[in-house]
Every structure is written in C-alpha cells, then in structure tokens.
2 protein chains.
Amino acid sequence: MSAPAKRGGVLRQPTVYDVAALAGVSRQTVSNVLNAPDIVKGATRERVEHAIKELGYRPHASARRLRTRKSSTIGIRLDPVTNGISGSVLDRFLHAVTEQADARRLRILLFTATDPEDEIRQFERLLDGADVDGFVLTSTTYDDPRTEWLIAQDAPFVTFGRPWGVDDMADGAHRWVDVDGRHGLAEATRSLLELGARRVAYLGWPSPSGTGDERRRGWREAMEAAPSPLDSATLDDLQLACEDGVSLASDAVRGLLARGVEFDGIVCASDSLALGALMVLGASVPIVGYDNTPVASAVGLPSVEQPLEQVAAAALELLLDDVADEPVLGDVASAGDPRHRLLRPQVVWR
Amino acid sequence: MSAPAKRGGVLRQPTVYDVAALAGVSRQTVSNVLNAPDIVKGATRERVEHAIKELGYRPHASARRLRTRKSSTIGIRLDPVTNGISGSVLDRFLHAVTEQADARRLRILLFTATDPEDEIRQFERLLDGADVDGFVLTSTTYDDPRTEWLIAQDAPFVTFGRPWGVDDMADGAHRWVDVDGRHGLAEATRSLLELGARRVAYLGWPSPSGTGDERRRGWREAMEAAPSPLDSATLDDLQLACEDGVSLASDAVRGLLARGVEFDGIVCASDSLALGALMVLGASVPIVGYDNTPVASAVGLPSVEQPLEQVAAAALELLLDDVADEPVLGDVASAGDPRHRLLRPQVVWR
DNA sequence: TCAGAAAGTTTGATCGTTCAAATTCTTGCA
DNA sequence: TGCAAGAATTTGAACGATCAAACTTTCTGA
C-alpha cells in the first residue's frame, strides 16, 4: 500500500475514478469488482484489485449508503447506568455484537435514552436520518412499547430477550434470541443433586418477572425430577425471592436460616444474589450464580454462563434477513421457527 | 407530525425538495434554515420550519456527510473482554461519552480489535471509508503505537489517559484527558489519617505502571506530609504490589500480616485489590478502593470515584476543536494548556 | 432620490457511489 | 461463416444534501 499519509493535507482519498483510470477500466467495473466480483472477468478483476491496492483505495461509506439507501449500521442503546454487578453481561454482549457485526461488514452505532419513550424518539431520529437500518434491543419488558412501535413502523429489529407479553411470543414480526434460563438452572440444580445434595434452595426475584420465573421453573422442575423428590410444601419453603442486590440476598438467606429450613445447596437467579448468599454462608454450602460475571470468577463462585457470542451471532443473523435481503438459509430456517432462537447456557464450575 | 408510517412501504422520506416546495422556497433556503438559521429572514424561516414539521422531514445523514466530507462520528474501540471487576469503568465511560456526544450531535461508532496493530488497521479502515472523523482512545500504554500512528496521519483523536512515554506528555499534537489518581489517593490517605489511622498501607501494582506509579506517589506524599510522618523504611514496608486480581491481593495482604507489619488502614489502586484485602481483613481495618465499581458499592467499600462524565465532556471538547472547526473558547483555553485536562477524582465514603 | 452595500434567496455544480440500460465483446452452434 | 445468446463492460442518471457564486430584494446615507 503506497497510499499517501497526511489526511489533513491536500491530497484527497482516491475514488473509483482514480482506480478506474489506473486499471484502464470504467468506474462501474471497479464497483463490480467490489460488490459482485463474479461478474467480472478474471484478468480484469486482478488488474482492478491491483490498482485498488496500489492506490490504497477504499470506498466512501457515505456515498455508498446514499446510493444504496442502506446504512449497514445497527443501532444499540447503551443501558442507563450499569445496573449492579450484572451490568457486565450487557457489556459483554455489546462486545460480542460488535465483533459479529464487524464480520458481517456492519457498523454499530450507540445511543442512549432516558426512558422507553425517549428511546422511541431516538429510533425515529436514527431511522429518519438513515443513520441505521435496524436495532438490537436488550432488556425487554412486559408489553414493551418499543417493540410495538418498531413493528408498527415496519422497522427491522431483534431483541435479546423474549417478549413477555402473552400473545407476543408467537408474533412473527418480532424476532428474538434468548437464553434458556430454565434449562440453565435445571442443569445447575441437577449437578448439585448429583454431587450429593438433596435439598437445593432457590434464590431468585419476586414474581412476576419473565426471566426470573423461567429460572425458578428450571430449578423446580429439576427438583421434582430428582430420584427421591421432596414434597411440594418443602420446595415452597426452599424458594426465596428478593430484589437483585447483594445485601438483600444476604438478608433473605439469613431469614432462611432463621426459619430453620435445612438446605445443602443454593442456585441463584444472578451473581449478585449468589454473592449475597456467599457472604452469609461462606464455603459451607455449594452456591451457583448466574451470568458468570467477573465477580463470580473473582470469588470462585460457579455460575451459569450465557453464550453471548452465539446470542450476538444469532441476533445479527435474524436481523440480516431483513437488512441485507439475504436469503434465509433453508436448513437452519426449517428447524423450528426461523424467527426465534433459544440458546442453551452452560454452568461454569469452579 | 403527520409523517407517514410504514418504512418498508412505498412512501419515501421527504427531502429538501419536498420541504422547499411546500414552503415555497428553494432547497438551499431549507438547508440554510437547518444549518445557518440566522441568515434566513424570520418569516421565511418560520414558514420552512412549519413545512419541516408538517412533513416530518429529517436530513439524510449520509447525503450530508458525503457533501460536507464530515461524518460527525467518533470511533471508539470496545476493549477486549471486560478485564476483571474494573471493566465497568470503561463501560461507564462509554456511556458518558455517548451521552455527551449526543448533546453535541455526534455519533459514536464502535469497533473491536485484537491488538494495537489490528486497532491501527481499523483506524485506517474507518478513516478511509470516511466512517469517522476521529477517535477516543482508552487504555493508553507506554509509547503507544496507536497515538504515534494517529499523529503521523494527522487524524484527530483524544486519549483518556496521559501518554506515558517520556517526552510525549508535552506533545501538543496529543490531546488527552486524565484523572489525577495521585490526588485521589492522597485524598483517601489523608482522610484515613484524619480518622485516626497512623500506619496506612498501600496496595498497588508492580512498577512500571504509569497509572499505578502515580497512585502510589499520591499515597506516599500524603504519608510523608502527615503530622507525625513515618520514616522512609517503614513506608517501604507498608507498600505492597501485585498484579490486579482479587486472590493475588489477598495473598499480598496475608504476606503483610505474616511479616508482622502493623497497619491500621489500606488504600488500594483498584477495587479488585481492595476486595482481595477485604476478604482477608473483613471490617477490622478501613480499606479504600479505586474506581467505585458496583462491587465496591455492593460490599460497602469506600472507593475513589473518577468523574467520568466530566472526562467524557472534556474529551469531546478537546476533540471538537479539530473535528468541527469550532473556535477554541478563549477563557477556558487560556487556563493552562488547552490540549490537556487533568481532572480530580473524589472519594466516595460508605 | 439613487448608487452602493448588505441582506436574503436562488441556481448550477458537486460530493463518490451504484442502479439501470445501453453497448461491445465472446461464445457456441447451425 | 454467420448470428443469436450470453458475458463483460461502459455510459448516463440518480441518491440527497451543501458549496460557491449569481441573482434579487432591502436597507443605508449622501
């Protein structure tokens, strides 16, 4: 690459015309080499490719976007304030999405919003300005106003997280990727049972909570499927709920001890809760957290790890069917509903 | 706003022509209303503004960028993997930058890179494609190859973090914002001394470490300035160094105890280290961390908080002098070197 | 009152690319 | 050899905005 330095200087970036002139072809052929190499004759293509390298040519993104009416950019809202310890999950997800986007020649544009209404306003701004083609949403809620708006606008989007409204899950317009927390907790619970535990407690969030209820269900099902299952009342006793917070969790566990309920293991809906339990129980009882945050690894807590790279990849894949007009892959698509993807987490033992 | 819905449909977004037609003016006047309202006559302006609202017009970002040769976009690399507990700092910084950028009508584009060389390749790609106007860099190192490259290219950038190479700090081409960790640790140390401590230990990272050495210096200076200072040898004894990690920190503190060194307080270079100390010492000795991560607040550890919103604001301000050709503000600029900004952190007590 | 300056507005050109249609070059086969 | 069909390439136009310069209107002051 013998491209000139000094961007601030007079020398301008080469354009298709420059490349075309050097390679002795027309500008369109240069464009074709870049966008549809297969329709260009081998010899010509090589000549053009050489000229591109020679000049250090790179297509001007905005010009391309203007012409193609595609921004190849995806908007992601940065969540307001890292919500506690678990914040790092979205951070890691963001990282994974960015990497996956890169591989698909997409850009990631960040924005912030103070509340769902404000977020919708941002959607509008970014779509109208043709800044982005679509969105990846996180932290979905019951009857999320954002997804409703996007669907009404016919704007492409995917959510990380199932829609929790009753009918929404079947809605074909809503593409989502999620992690099967139920399976993750069932797995964690089964493992503790196999390790000899009999009375595994569950520390989660108050109902209703889409994510939380699923995780609790996973624990409960695994407990009910144990070789010698406990009765229903006992399971109710072993089931704790408090808001996400280390000290709240500690309180909850202390309450359990105070009530004299026996238990020999705890699976939790989050690492914050697990850390709270750990601070009360120490190493006396095996504890499993959720999200595999840096804190969990720091204090040596096993935790359910979400396959964020896969989530990111799946999210973009679903989105791309719209955005890039790429054909839906026959095989993959036919396996279940192609618009939804439920991935399995894995317990990381320590 | 009576803008039509259905983006996927046939109706296209209105353009300057549509607005011009409705308002009965030329397209350039519409452009002027948007970009230089003061040169348009009041009555005309109102008419155009009304038409803009009426049509729900929004300028096409790519078209504008193509013509103006500015992307109004700033690139930020997402750090590879959240490095331990402290990862949330960059996360919060990113959030602050995004918000600040929004207020300045700038966009934030994310990218990832595997190593500094790869990052430079990304710089090149993004600059050549006119995707971004400049960069905000984090995690600067000694003689950072990235800053050298950017300076050579004459590309606008700011770093969060001082350049640690010997001569670089005076380099006018390098604009940076940083937090005065020395001041932060001095402050923390002084506070512990005022609370009655006499032998405050320091738990930091091995030299050389630009950031770490500064923080240690803050502690040392505060200790030396104490009413009845300890002798130099004692201070050396009270000074611990280990890599950033909870268990490593625990080991280091246990070593201190084993050596029989007395101490009645610890200030740390990070929350990870502080957490490690906490797990050995419990509430027996006051501990101060650094970065005020969620973990610190979760376990009730006081910590030095970096003013990330201010850092973000300052960073964009410095960058904008280049990017947007805005005039340097006379007053602010004259106060010290306008190309560098050193901000003061604050201890959060719990 | 009127020239000249200033303010306000419009027109033509352009940013760098890709689309769509037109053109030229290759093939294969009667 | 000729000629249609296909492959390869080129040309003109357009994407939607702003710049630069030209033009028109309004203001200023002798």
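By convention in this document, chain letters (A, B, ...) are assigned in the order of the sequence lines, proteins followed by strands, and residues within each chain are numbered from 1.
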| message | Using 30° and 60° as the class boundaries, would you call the ring planes of B:Phe111 and B:Phe123 parallel, tilted or perpendicular? | response | perpendicular

Sorted by chain and number, sequence neighbours left out, salt bridge (charged side-chain N to carboxylate O under 4.0 Å, His left out) with A:Glu99 holds for none

Here the residues of residues 38-47 of chain A within 4.0 Å heavy-atom distance, strictly under, of DNA chain C are none

For B:Asp178, is there an ion pair with B:Arg162 - N to carboxylate O distance below 4.0 angstrom? yes

If you measure from the Lys or Arg side-chain nitrogens to the Asp or Glu carboxylate oxygens, is any gap between A:Asp115 and A:Arg146 under 4.0 Å? no

Lys/Arg-Asp/Glu bridge criterion (N-O < 4.0 Å) met for A:Arg104, A:Asp102
no

task = Check step by step if side chain to side chain donor-acceptor pair (under 3.5 Å) holds for A:Thr140 and A:Asp144.
result = CA-CA 6 Å; A:Thr140 49; A:Asp144 205 309; 5.4 Å; no

Please write out the pairs of protein N or O atoms and N or O atoms of nucleotides 16-18 of chain C separated by less than 3.5 Å, giving the distance to one decimal.
| from | atom 1 | to | atom 2 | distance (Å) |
| --- | --- | --- | --- | --- |
| C:dG16 | OP1 | B:Arg69 | NH2 | 2.3 |
| C:dG16 | N2 | A:Ala63 | O | 3.4 |
| C:dT17 | OP1 | A:Tyr57 | OH | 2.7 |
| C:dT17 | OP1 | A:His60 | N | 2.8 |
| C:dT17 | OP2 | A:Val16 | N | 2.7 |
| C:dT18 | OP1 | A:Asn35 | ND2 | 2.7 |
| C:dT18 | OP1 | A:Arg64 | NE | 2.9 |
| C:dT18 | OP1 | A:Arg64 | NH2 | 3.0 |
| C:dT18 | OP2 | A:Ser31 | OG | 2.7 |
| C:dT18 | O2 | A:Arg67 | NH1 | 2.9 |
| C:dT18 | O4 | A:Arg27 | NE | 3.0 |

Could you go through A:Leu106 and A:Leu320, starting from their C-alpha distance and side-chain angles, then the distance that decides it, and tell me whether this counts as side-chain contact (heavy atoms from CB on, under 4.5 Å)?
CA-CA 10 Å; A:Leu106 292 174; A:Leu320 238 54; 3.4 Å; yes

